[in-house]
Visitor: 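Got a structure here, written out as structure tokens. Questions coming.
Here the structure is a predicted model, which is why all the values come from computation and not from measurement. Order of the sequence lines sets the chain letters (A, B, ...), proteins ahead of strands, with each chain counted from 1.
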2 protein chains.
Amino acid sequence: MSQGNSGVSVTARQARACTVREALDRVGGKWSIGILIAASHGPIRFTELERQVAGISRRMLTLTLRNLERDGLLHRHVYPTVPPKVEYTATPMARELYESLVALTEWAERHRTAITAARAAYDREHAKVE
Amino acid sequence: MSQGNSGVSVTARQARACTVREALDRVGGKWSIGILIAASHGPIRFTELERQVAGISRRMLTLTLRNLERDGLLHRHVYPTVPPKVEYTATPMARELYESLVALTEWAERHRTAITAARAAYDREHAKVE
DNA sequence: CTGTATCCTTGAGGATACTG
DNA sequence: CAGTATCCTCAAGGATACAG
């Protein structure tokens, strides 16, 4: 964020905040990332997703899949067989997204302990007052 | 996400998903980014934040500030004057976070139109059925 | 000025029975 | 198998009056 922003207007800065939120909204759901990752190395079926993304409900799986498909992050292929067979695959756009998320992952790993410590300190500090 | 994952176990992949969510949780709130950006180029006061982060309610401003402070992303300095004066500043950790978010921003910009188009196509496709 | 307290609304998400 | 439909819960967030 380098102080160098001094010449940039307040509204321009908040516009950037908007762009960031735009990206986060596509990926901020509780299950989006898990699904995207599971679907990123080849086609994967509904039931298999249900197994790999631990804890997800059937409803949320369907909903999140629909949203990701709508945003063009997942491709859905239906085989007209009976019983039905449906495969989901991450699009190139989704793979790029994941690569962008790596920076964030590294940040989380780098500061994990610092954050835990900060929380502990904060809680300690504010428990005294009761 | 490069197919090269083939050798990586399913659980290892989902563990990565966890780390990503960890980072997103710190920044996923509706207002975190806006506040962080506003506080990232020097100390800023409560009222000034209320003005710059357009649309935020007083309650959410307070809550989000407390959370960010607790996680060690904001520093809060109180001047013992009357009326009170409080300044918030982004910590170095928060600035690093923003830099990690840049990749995400660029992704959003690069694919903005593609996503809009994908949505339009999807909606068109699914409106026909009614 | 910088909050806190209170009340309210909404939407995300969970559980699960049912269906083509 | 791959969903949809239904009902329910809870936490995020909004509005705003009040307080030190």
Visitor: Please check if A:Leu68 and A:Met93 belong to a single hydrophobic cluster, counting links between Ile, Leu, Val, Met, Phe, Trp and Tyr side chain heavy atoms closer than 4.5 Å.
Guide: yes
Visitor: Does either side chain, that of A:Arg13 or that of B:His41, offer a donor lying less than 3.5 Å from an acceptor on the other one?
Guide: yes
Visitor: Mind calculating the distance between CG (B:Leu61) and P (C:dT4) to the nearest angstrom?
Guide: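 Nearest whole value for this atom pair: 11 Å.
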Visitor: When you check the phosphate oxygens OP1 and OP2 of D:dC1, does a side-chain N or O of A:Tyr88 lie under 4.0 Å from one of them?
Guide: no
Visitor: For B:Arg21 and C:dG13, give me the distance from atom CZ to atom C1', rounded to whole Å.
Guide: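 Spelled out: CZ on B:Arg21 to C1' on C:dG13 is 12 Å.
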Visitor: Side chains of A:Arg70 and B:Asp123, heavy atoms from C-beta outward: is any pair under 4.5 Å?
Guide: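 Yes, side chains in contact.
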Visitor: Could you state the CG-P distance from A:Leu63 to C:dG13, rounded to the nearest angstrom?
Guide: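 Value for this atom pair: 9 Å.
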Visitor: Can you tell which of D:dG3, C:dG14, D:dG14 lies closest to the side chain of B:Ser57?
Guide: D:dG14
Visitor: Atom CD1 of A:Ile44 and atom P of D:dG3: how far apart are they, to the nearest Å?
Guide: 13 Å
Visitor: In whole angstrom, what separates B:Asn67's CG from D:dA11's P?
Guide: 14 Å
Visitor: Would you say the base of D:dG13 and the side-chain of B:Arg59 have a donor-acceptor pair closer than 3.5 Å?
Guide: yes
Visitor: Which residue lies toward the 5' end of DNA chain D, B:Pro84 or A:Arg45, if each is placed at its nearest nucleotide?
Guide: A:Arg45
Visitor: Would you kindly give the CE-to-P distance between B:Met60 and C:dG3, to the nearest whole Å?
Guide: 15 Å
Visitor: On DNA chain D, compare the nucleotides closest to A:Pro83 and A:Thr62; which residue's is nearer the 5' end?
Guide: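 With A:Pro83 and A:Thr62 compared, the 5'-side residue is A:Pro83.
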Visitor: How many Å lie between NZ on A:Lys85 and C1' on C:dG20, as a whole number?
Guide: 19 Å
Visitor: Could you tell me whether A:Thr47 contacts a base, only the sugar-phosphate backbone, or nothing, with contacts defined as non-hydrogen atoms closer than 4.0 Å?
Guide: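 It contacts sugar-phosphate atoms only.
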Visitor: Looking only at the side chain of A:Arg66 (C-beta and beyond, no hydrogens), which of the listed nucleotides C:dC1, D:dT4, D:dG14 gets closest?
Guide: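 Nucleotide nearest to A:Arg66's side chain: D:dT4.
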Visitor: Just compare D:dG14, C:dT2, C:dT4 and give me whichever is closest to any side-chain atom of B:Lys30.
Guide: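 Nearest listed nucleotide: D:dG14.
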Visitor: Between A:Arg76 (CZ) and D:dA2 (P), how many Å, whole number?
Guide: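 Nearest whole value for this atom pair: 10 Å.
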Visitor: Kindly say if A:Arg51 contacts the phosphate of D:dC1, meaning a side-chain N or O under 4.0 Å from OP1 or OP2.
Guide: no
Visitor: So do the side chains of B:Leu61 and B:Trp31 get within less than 4.5 Å of each other, counting heavy atoms only?
Guide: no
Visitor: Heavy atoms, side chains only, cut-off 4.5 Å: are A:Thr19 and B:Arg112 in contact?
Guide: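 A:Thr19 vs B:Arg112: side chains touch.
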Visitor: C:dT4, OP1 or OP2 - any side-chain N/O from B:Arg58 closer than 4.0 Å?
Guide: no
